[in-house]
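This structure is a prediction, so every number in the text was calculated from the model and none was measured.
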Amino acid sequence: MMHLLSLFDLTAEQIRHALTLAGYMKAHPASFQYSLKSKSIAMLFEKPSLRTRVSFEVGINQLGAQPLYLDAQMVQPGQRESVEDIARNLACWTHGIVARVFKHETLHALTAANIPVINALCDQHHPCQSLADLLTIQERYPIDMKVVDILYVGEGNNVCQSFMVGAAALDLKLTVICPQGFGPQAEFLSELNQRYPAHKIQLGTDLNAVPHADVIYTDTWLSMGDSRDYAETKRIFSAYQVNQQLVERLQATTVMHCLPAHRNDEITDEVMDGPISAVLQQAENRLYVQKAVIHHLFEESSHS
C-alpha cells in the first residue's frame with residue numbers, strides 16, 4: 001500500500017510525475033473528472049485549516065469521489081479510541097485518509113488501515129504544500145528550474161523541511177537561512193543527506209551573507225500549536241523579515257509564502273501584495289498537486 005507521509009515516500013521521478021500530472025490537470029480542468037467515481041475519502045483534521053481543507057474537498061469532488069470531513073472534536077484520536085482503531089474503522093467505509101495532525105507519529109498509526117494515507121500537514125512535514133511550491137516555481141521559471149537561486153528564510157519548520165526534500169530530489173539550488181537554534185532538525189538533515197548526498201542545499205544563519213536570490217520563500221515565525229512566546233520570537237526573527245529592501249538587495253523576481261501570514265512580521269504588506277508575490281499562485285496550486293497525488297496513490301494502490 002502506497003502512502004504520502006512525507007516527500008521521502010516519493011522518488012525524484014515520482015515527484016516530477018506528480019508535477020507534470022498537476023500541470024496537466026490545471027490546464028485541462030475536466031480531465032480525470034470521474035477517475036475516483038464511487039470512492040469516499042476521509043479527511044481527519046486535528047488542526048484547523050482554510051487552504052488545505054477547501055483544496056482537498058474541492059479536488060476530491062472534482063475527481064468524482066466523496067470527501068468526509070472529520071474534525072478532532074468529533075473523532076478525538078487517541079482519546080475515545082486509538083488512532084489504529086480509528087484507521088481500521090475508516091477502512092471499512094472509505095477508500096483513503098487525508099490527515100492534518102499534530103504529530104508525524106499519528107500518520108504512521110493511521111497506516112494500520114490498508115488504504116492510502118496522505119499527510120495534509122504534521123509537525124515534521126507538509127508534502128502537499130511543497131509540491132504546490134515546486135509547481136509554482138516551475139510555472140514561473142519554465143525553461144530550467146535548476147538555474148534558479150532559491151532562498152528560504154525563517155524557521156526550519158515542517159514547510160521548510162518538506163521543501164528541502166523536494167529541492168534535493170529535483171537538484172535545485174536552495175539556501176536555507178534560519179536564526180541560530182531554529183534550523184531544520186538534525187535527524188531530518190541526516191536522512192536528507194543519506195537520501196540525496198549530492199544535493200545543492202546550503203544552510204546558514206546570516207541573511208546578509210546571501211548575495212542574490214531569484215526566489216525568496218518565508219513562512220510564519222511561530223507555527224500553529226507552538227507555545228513559544230511570540231514577543232520573544234519577534235525579537236529573534238525580526239532581522240529575517242522579507243521586506244522591499246531585501247527584495248531589492250537580492251534582486252528577487254518571486255516571493256513566496258505558504259499562508260496564513262502574519263503580515264508585517266515575517267513579510268511586509270508591500271511585498272506580499274506586490275507585483276512579484278506568488279502567494280495566491282501557490283494557494284491555487286494546492287488543488288492541482290493534491291488531485292495529482294490522490295490520483296497517483298489510488299492508481300498505485302490498485303496495482304499493489
Side-chain angles (χ1 to χ4, degrees), residues 4-5 7 18-19 21-37 39-75 77 90 94-102 106-107 110 116-123 125-137 139 157-159 162-163 166 217 219-220 223-225 256-263 267 272-273 277-298:
L4 179 60
L5 307 190
L7 283 188
L19 296 179
L21 182 57
Y24 181 86
M25 288 178 166
K26 186 174 183 178
H28 303 85
S31 61
F32 302 95
Q33 193 169 4
Y34 301 108
S35 64
L36 298 186
K37 187 178 181 180
K39 304 287 187 183
S40 297
I41 299 179
M43 296 175 52
L44 179 59
F45 278 44
E46 290 186 322
K47 305 176 75 170
S49 168
L50 170 64
R51 279 152 296 278
T52 300
R53 177 178 176 178
V54 174
S55 58
F56 264 111
E57 283 201 15
V58 171
I60 291 168
N61 268 301
Q62 289 181 356
L63 292 173
Q66 176 189 21
L68 301 167
Y69 180 75
L70 307 169
D71 63 24
Q73 185 176 3
M74 180 186 303
V75 181
L90 289 175
T94 69
H95 303 88
I97 300 173
V98 171
R100 182 177 173 91
V101 298
F102 285 103
T106 303
L107 295 165
L110 286 170
V117 176
I118 297 173
N119 181 358
L121 178 139
C122 69
D123 58 334
H125 299 278
H126 200 352
C128 294
Q129 177 65 58
S130 295
L131 290 173
D133 300 336
L134 293 169
L135 179 60
T136 301
I137 294 172
E139 289 175 337
N157 57 13
N158 49 2
V159 170
S162 278
F163 188 71
Y217 189 0
D219 188 13
T220 178
S223 298
M224 189 185 305
M256 300 171 64
H257 193 304
C258 62
L259 304 178
H262 290 82
R263 286 171 171 267
I267 187 169
M272 185 166 158
D273 299 328
S277 174
V279 297
L280 292 180
Q281 187 176 352
Q282 290 173 265
E284 180 186 359
N285 282 340
R286 290 288 300 278
L287 172 65
Y288 307 109
V289 298
Q290 286 159 190
K291 288 173 65 175
V293 164
I294 293 168
H295 177 81
H296 176 70
L297 291 188
F298 272 80

Heavy-atom pair of closest approach, residues Ala22 and Ala292: N-CB, 3.8 Å

Full working for side-chain contact (heavy atoms from CB on, under 4.5 Å) between Leu21 and Tyr288: CA-CA 8 Å; Leu21 182 57; Tyr288 307 109; over 6 Å; no

Short side-chain to backbone donor-acceptor contact, Asn158 and His126, under 3.5 Å: no

Donor-acceptor contact below 3.5 Å, side chain Gln282 vs main chain Ala132: no

Smallest separation among heavy atoms of Cys258 and Val159, with atom names: SG-CG2, 3.9 Å

side-chain contact (heavy atoms from CB on, under 4.5 Å) between Leu50 and Leu259, intermediate numbers included: CA-CA 10 Å; Leu50 170 64; Leu259 304 178; over 6 Å; no

Heavy-atom pair of closest approach, residues Leu134 and Gly166: CD1-CA, 3.8 Å

Tyr69, OH atom: more than 12 neighbouring heavy atoms under 6.0 Å: yes

Euclidean distance, Gln290 CD relative to Thr52 OG1, rounded to 0.5 Å: 6.5 Å

Non-neighbouring partners of Glu284 that pass salt bridge (charged side-chain N to carboxylate O under 4.0 Å, His left out), sequence neighbours left out: none

Test salt bridge (charged side-chain N to carboxylate O under 4.0 Å, His left out) applied to Asp273 and Arg263, step by step: CA-CA 10 Å; Asp273 299 328; Arg263 286 171 171 267; 2.9 Å; yes

Distance, nearest 0.5 Å, that separates CG of Leu131 from CZ of Arg286: 9.5 Å

Between His262 and Thr220, a side-chain donor and acceptor under 3.5 Å: yes

Audit row: Ile41, Leu36, side-chain contact (heavy atoms from CB on, under 4.5 Å) steps and yes/no: CA-CA 10 Å; Ile41 299 179; Leu36 298 186; 4.2 Å; yes

Listed partners of Glu57 passing salt bridge (charged side-chain N to carboxylate O under 4.0 Å, His left out), at least two apart: Arg53

Smallest separation among heavy atoms of Leu5 and Asn119, with atom names: O-ND2, 2.8 Å

Rounded distance [0.5 Å steps], CD in Gln62 versus OG in Ser55: 10.5 Å

Close side-chain approach of His257 to Ser277, heavy-atom, < 4.5 Å: no

Donor-acceptor contact present, side-chain His95 to main-chain Ser40, <3.5 Å: yes

Close side-chain approach of His125 to Leu107, heavy-atom, < 4.5 Å: no

Ile267 CD1 to Asp219 CG distance, which is reported to the nearest 0.5 Å: 10.5 Å

Nearest heavy-atom neighbours spanning Arg100 and Ala120: NH1-O, 3.5 Å

Phe56 and Ile118: CA distance, side-chain angles, deciding distance, side-chain contact (heavy atoms from CB on, under 4.5 Å) verdict: CA-CA 11 Å; Phe56 264 111; Ile118 297 173; 4.0 Å; yes

Flag for Asn285-Gln281: side-chain donor and acceptor within less than 3.5 Å: no

His28 side-chain N/O to Tyr24 backbone N/O, donor-acceptor pair under 3.5 Å: yes

Euclidean distance, Phe102 CZ relative to Glu46 CD, rounded to 0.5 Å: 6.0 Å

Minimum-distance pair of heavy atoms, taken over all atoms of Leu297 and Val117: CD1-O, 4.5 Å

Euclidean distance, Thr94 OG1 relative to Leu68 CG, rounded to 0.5 Å: 7.0 Å

